[in-house]
Amino acid sequence: MIDVSAVFGADETAKDALARDFLNAYGTVGFGYITGHGISEDLVNRVFEASARFHALPVDQKMAVALDHNHRGFIPINTSTDVNSTLADVTKPNQSESFMVMREDTEGAPVYLSGPNQWPDLEGFREDVMAYHDALADLGRRLMGIVARALGVDASQVLPPFEVPTTWLRLLYYPPTDPNHGDLYGSAPHTDFGCLTILAQDAIGGLQVMTPDGDWVDAPRLPGSFVVNVGDMLHRWSNGRLLSTPHRVINRSGKTRYSCPFFFDPDVETVIAPWRETVTSDRPARFEPILFGDFLKSELEAGYDQHKPET
């Protein structure tokens, strides 16, 4: 549990202490809860209410804003599979549906995944969802500043790729799954492929995190907090010092589950290579440079029906 309120102040000593806490948590476990994040309970409640309103719509109204080639819109159940998972033999699609919102771009932007969002015809939906998106994007930038401080990397290396970030707000709905089907996951075991994930979840439960010893432990909702974890790109950037930890969702509650993960990633044209401050004679560079956009394209084509190349 980490109080991140220092990101909003000018106290350098407090920021140094937060950086040490961050490195300890994300260099040993890769998951944690944050408090003092500055996001009001009212705003969190509004985004959950917006999600519930959307998922209550008839299927034909949701399909009117079906996922497009820019990865914005409705993702029906049984259309995404974690085929790249090395953590389980995944043969069946994730048992969830979702509505995906990304950074709002103008029509015809030339960069991969750039474009406008799609919006259902629900009063106040767009306003509440984008208010939450924008608040989380601001928090993500502040947390990346703490990442730089924790690793001793100059902020001028870390922050520029997040001036126009790649952002993903996913309004997830998990129906109850049959407890007799052990190979059905709400979300199959995986690591997140980006930098930071900031998760709000309801009280139903189902999120599980793999410990350093390989056991699965529950990560329930704790009021007033977000679950935050590191993804694969930040693991690479930090030369392996920050851990991208496996996790999964299994909804055996007999009830519907809602969660709202926000993924904060760099611009798609960013080259991801270990920051020089993380490379030493004792810890040589572990990863070759990759272009984030190319990596994203391969991941989306593998995992989503809507992104599969035409044959």
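Positions are given from 1 along the sequence.
Around CG of Asp121, the count of heavy atoms belonging to other residues, nucleotides or ligands within 6.0 Å does not exceed 12. Other residues, nucleotides and ligands contribute more than 12 heavy atoms inside 6.0 Å of the CD atom of Glu12. Heavy-atom contacts from other residues, nucleotides or ligands closer than 6.0 Å to CZ of Arg276 number 12 or fewer.
Using a 4.5 Å cut-off on side-chain heavy atoms (C-beta onward), Val147 and Trp275 make contact. Trp168 places a side-chain heavy atom less than 4.5 Å from the side chain of Asp265. Two residues are said to be in side-chain contact when any heavy atoms from C-beta on lie closer than 4.5 Å; Leu291 and Phe295 fail this criterion. Looking at heavy atoms from C-beta onward, Val29 lies out of side-chain contact with Leu243 at the 4.5 angstrom threshold. Taking the side chain as every heavy atom from C-beta outward, Tyr174 and Ile250 never approach each other to under 4.5 Å. Inter-residue side-chain proximity for Phe292 and Thr166 is flagged as met; some heavy-atom pair is nearer than 4.5 Å. In this structure, the side chains of Glu97 and Lys62 come closer than 4.5 Å at one or more pairs of heavy atoms. Within the 4.5 Å cutoff, side-chain heavy atoms of Ile290 are placed close to those of Met233.
Of all non-hydrogen atoms in His37 and Phe8, the two that sit nearest each other are O-CZ, 3.1 Å. The minimum heavy-atom distance linking Ser281 with Pro284 is given by the pair O-CD, 4.0 Å. A pairwise comparison of heavy atoms in Val65 and Pro120 identifies CG1-N, 4.2 Å as the closest pair. Closest of all the heavy-atom pairs between Leu151 and Ser238 is CD1-CB, 3.7 Å. Between Thr35 and Ser225, the shortest heavy-atom contact is CG2-CB, 4.0 Å. Of all heavy-atom pairs between Gly36 and Asp3, the closest is CA-OD1, 3.7 Å.
Phe48 and Leu122 fall within the same hydrophobic cluster, where Ile, Leu, Val, Met, Phe, Trp and Tyr residues are linked whenever their side-chain heavy atoms come under 4.5 Å apart, directly or through other members. Follow the hydrophobic side-chain contacts under 4.5 Å out from Met102 and you reach Val111 in the same cluster. Under the 4.5 Å side-chain contact rule for hydrophobic residues, Met144 and Val271 do not share a cluster. Cluster annotation: Met100 is connected to Met63 through the hydrophobic network of ILVMFWY side chains, with a link wherever side-chain heavy atoms come within less than 4.5 Å. Criterion: ILVMFWY side-chain heavy atoms under 4.5 Å apart, direct or through other members. Under it, Phe287 and Phe193 are not part of a common hydrophobic cluster.
A donor-acceptor pair is defined here as one N or O able to donate and one able to accept, closer than 3.5 Å; such a pair exists between the side chain of Gln201 and the backbone of Ala219. A donor-acceptor contact shorter than 3.5 Å links the side chain of His55 to the backbone of Leu171. Listed for the Glu104 side chain is a donor-acceptor partner under 3.5 Å among the backbone atoms of Asn117. A distance-only check finds no donor-acceptor pair linking the side chain of Thr270 to the backbone of Pro266 [under 3.5 Å]. The backbone N or O of Thr278 sits less than 3.5 Å from a side-chain atom of Asn239, completing a donor-acceptor pair. No donor-acceptor pair under 3.5 Å is formed between the side chain of Arg236 and the backbone N or O of Pro289. The main-chain N or O of Ala188 is never found under 3.5 Å from a side-chain atom of Arg248 such that the two would form a donor-acceptor pair.
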| query | For Asp232 and Asp192, what are the C-alpha separation, side-chain angles and deciding distance, and is it a side-chain contact (heavy atoms from CB on, under 4.5 Å)? | reply | CA-CA 6 Å; Asp232 297 340; Asp192 291 343; over 6 Å; no
| message | Before you tell me yes or no, could you show the steps for Tyr26 and Ile2 under side-chain contact (heavy atoms from CB on, under 4.5 Å), namely the whole-Å CA-CA distance, both residues' side-chain angles and the distance that decides it to 0.1 Å? | response | CA-CA 11 Å; Tyr26 293 97; Ile2 303 174; 4.0 Å; yes
| task | May I have the step-by-step check of side-chain hydrogen bond (donor to acceptor under 3.5 Å, both in side chains) for Ser253 and Asn251, ending in yes or no? | result | CA-CA 6 Å; Ser253 67; Asn251 183 12; 2.6 Å; yes
| task | Run the numbers on Leu136 and Leu169 for side-chain contact (heavy atoms from CB on, under 4.5 Å), then give the verdict. | result | CA-CA 9 Å; Leu136 270 288; Leu169 172 58; over 6 Å; no
| task | Please assess Arg46 against Glu127 for the test salt bridge (Lys or Arg N to Asp or Glu O under 4.0 Å), listing each intermediate value before the final yes or no. | result | CA-CA 10 Å; Arg46 279 159 48 201; Glu127 291 77 12; over 6 Å; no
| task | Please assess Lys255 against Ile204 for the test side-chain contact (heavy atoms from CB on, under 4.5 Å), listing each intermediate value before the final yes or no. | result | CA-CA 7 Å; Lys255 303 176 183 178; Ile204 295 301; 3.8 Å; yes
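A donor and an acceptor atom, one from each side chain of Asp213 and Thr211, are nowhere located under 3.5 Å apart. A donor atom on one side chain and an acceptor atom on the other are not found under 3.5 Å apart for Asp282 and Thr280. Gln118 and Arg72 form no side-chain donor-acceptor contact under 3.5 Å, judged by distance and modelled atom types alone.
Using a 4.0 Å cut-off between a side-chain N of Lys or Arg and a carboxylate O of Asp or Glu, Asp11 and Lys15 do not qualify as a salt bridge. The residues Asp267 and Arg103 are annotated as not salt-bridged, no charged nitrogen and carboxylate oxygen being separated by less than 4.0 angstrom. At a threshold of 4.0 Å, the pair Glu301-Lys297 counts as salt-bridged, since one of the basic side-chain nitrogens sits closer than that to a carboxylate oxygen. A salt bridge is defined here as a Lys NZ or Arg NE, NH1 or NH2 lying under 4.0 Å from an Asp or Glu carboxylate O, and Asp16 with Arg20 fails to meet this definition. By the 4.0 Å N-to-carboxylate-O rule, Arg221 lies too far from Asp202 to be salt-bridged with it.
Here the SG-CG distance, from Cys260 to Leu199, works out to 8.0 Å after rounding to the nearest 0.5 Å. Here CZ of Phe22 is found 8.5 Å from CD1 of Ile146. Values are rounded to the nearest 0.5 Å. Once rounded to the nearest 0.5 Å, the distance linking CG of Leu57 with CZ of Phe74 reads 9.5 Å. Taking CG of Asn70 as the start and CG of Asp105 as the end, the distance is 8.5 Å to the nearest 0.5 Å. To the nearest 0.5 Å, atom CG of residue Leu242 and atom CG of residue Leu196 are 9.0 Å apart. To the nearest 0.5 Å, atom OH of residue Tyr132 and atom CG of residue Asn45 are 10.5 Å apart.
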Solution key, residues 155-164 side-chain donor-acceptor pairs under 3.5 Å, sequence neighbours excluded:
unit_1 : atom_1 : unit_2 : atom_2 : d
Ser156 : OG     : Asp154 : OD1    : 2.5
Gln157 : NE2    : Glu277 : OE1    : 2.9
Gln157 : NE2    : Glu277 : OE2    : 2.9

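Not less than 6.0 angstrom separates the ring centroid of Trp216 from the ring centroid of His247. The aromatic ring centroids of Tyr173 and Phe54 lie 6.0 Å or more from each other. For Phe125 and Phe99, the ring centers are positioned less than 6.0 Å apart.
Residue Phe31 is tested with Val217, Val228, Val227, Val230 for a side-chain contact (heavy atoms from CB on, under 4.5 Å); the sole match is Val227.
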